[in-house]
Amino acid sequence: MTASFPTAAQALLPNGLRDLLPPDAEQEAFVASRLVATFVANGYHRVKPPLIEFEESLLSGAGRTAAAQTFRVMDPITQRMMGLRSDMTTQVARIAASRLARAPRPLRLAYSGSVLRVRGSQLRPERQFTQAGLELIGAAGEDAVAEVLLLAVEALEQAGVERVCIDLTCPPLVPALCAALGLDEARAQAVRDVLEQKDLVAVGDLVGAEAAAVLRALLETVGPAERGVEALVALDLPEPAVAMRDSLVALARRVAGAVPHHDLTLDPLEHHGFEYHTGTAFCLFGRGARGELGRGGAYETGPDGAVEPSAGATLYLDAVLDVATCPPPRRLVLISPTLPAARRRALQAEGWATVPALGAAVDQAEALRLGCSHILDENGQPRALAPADQG
Amino acid sequence: MAFDARDGADKLVIALPKGRILDEAMPLVRATGLEPEPAFDDPKSRQLRFATNHPGVDIIRVRSFDVATFVAFGAAHLGIAGNDVIMEFNYPELQAPLDLGIGACRLAVAESVALHAQDDPVRWSHIRVATKYPEITRAHFAARGVQAECIKLNGAMELAPALGLCRRIVDLVSTGSTLRANGLVEVETIAHVTSRLVVNRTAMKVRSREMALWIDRFREVCHARAA
């Protein structure tokens, strides 16, 4: 057995939670502010909902699908159940439907903050992560989805992601097809599950040959948009699915025209994680990132039962950081603690981070010990450490 | 150097299962135009990763259960795995777009001949089962209201009933001769098993054209064999 020290036991964090250390914490904050800055520059206003709120408001409306992912605690004051947010979209939708119900539409809101989930996913075991997103409330159709999608992509470009893979989907399409094919709820759920794995053999076992043929034809449209769009247009679908297909095709053509330098794929069968979306939706991927960079789409929200069409997009900072370009860390220069503030600020304005030599001489040894690349010389100028000392 | 997920991102990696299925899979792989380097067929080679005649494609050879894991986590982009393995893990990031029609067998419940003569499955509330497939087994019995206590074994399941480890097993059966040789009888089929082409969900998006190309080639080869 190895000896265990009290500090080692204290360092153990619960599953899926971690400390972000330098320089990762700095980079995450930098990238988050970059993303939100892009949203703000395009007419979105920042909001900041609380970390925790009453369960019934957090989990109502679009939030009802989040129940299984939400940590709950009892409020000792009111004795009511509270939930820790697992997604900020539903909080922003609540703000739009209540306090900002009278603000002019379309209402453009942006946010960034941490969320906590009961379980991580296979690819992203993190239970706490930072989201940055935007919601366009009171706007419908492919115009609204295209606006949030293209703005999310632009924000990623601003954060240095060179190539984004945009996957377009339509979550209500498969349920509409199942209804048109006359499947009961249990069977429709089973069909959705096996379609998620693109397992046509299992689909064929669940539904008749005729229904399986429709789903097979739809499956063949999955993939690069340049060939999927034509195949999708040519499909003979039952009535309610036609309108959905048409809006998916319209969105695909629009996005392909607007950002031809990014990759565009179609997956009309995807619905996992899109439980509250009511129209076209999308996932964003990046080469080199473990999982999705973000996702979004059309959904419905509204005050007191009134339905307001909306669209939104959320980016996941931990995934974005895998592919974002982060600025080089600031160069560190060791200074005397008594250096006049004006000189210190001037150095900082030039991009230096100033490290005061507390209780030690401003010399090579101390600079090396604190990881500074430079020290401030007699003339008040940063001087690189001598190579011999750095070695 | 720190691990970078982008290292080697240019190579497409295909994971193939060791053992029984490999013999049936290789003719398909070769028919798509992929030819691994000679070390692949050298039983003395200890190499695990092999270059191919396509400079952008590598093959890795791992245990059949690990094919699903490598592909699900994106370490390999495509693979060949039985639907027994796919069902057992039920990875959300794994998709199975094509049935290759090879490696056909079935996943079945078996028990000793003596037990079978007097057994009434309707009366079960709890059973103990030795298996390589605890998740499938638990789900299968839970669906009919029976709690299955699973003892995970990695092979030689057929020994377990005779030695008193448990009274029933869940295992792959192809001809049934191993069961018969061990005094067991197949009582129920859980699933029919064939090998599937499996793909990673993210790779399907990020490398959609390459992935579509290889899936199409495998599909053509399968159709040609079926015809």
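Just so it is clear, the model here is predicted, and its values are computed rather than measured. Scope of the values below: all heavy atoms of this structure, side chains included, with no hydrogens, waters or symmetry mates.
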Chain A contact via [X] - side chain, backbone, both or neither, heavy atoms under 4.5 Å:
X	result
B:Asn90	both
B:Ala72	both
B:Asp216	side chain

Exercise. Please walk me through it: do B:Lys132 and B:Asp171 pass salt bridge (Lys or Arg N to Asp or Glu O under 4.0 Å)?
Worked result: CA-CA 7 Å; B:Lys132 219 167 145 178; B:Asp171 198 11; over 6 Å; no
For this session: Heavy atoms only: give me the nearest A:Leu293-A:Ala319 pair and the separation to one decimal.
Result: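 Smallest heavy-atom distance, with atoms named: CD2-O, 3.6 Å.
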Problem set entry | Backbone of B:Cys150 reached by a side-chain donor or acceptor of B:Arg128 within 3.5 Å |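 The answer is no, because no donor-acceptor pair under 3.5 Å joins these two groups.
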Exercise. So, do B:Tyr133 and B:Phe65 have ring centers that fall under 6.0 Å from each other?
Worked result: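 B:Tyr133 vs B:Phe65: aromatic centres under 6.0 Å.
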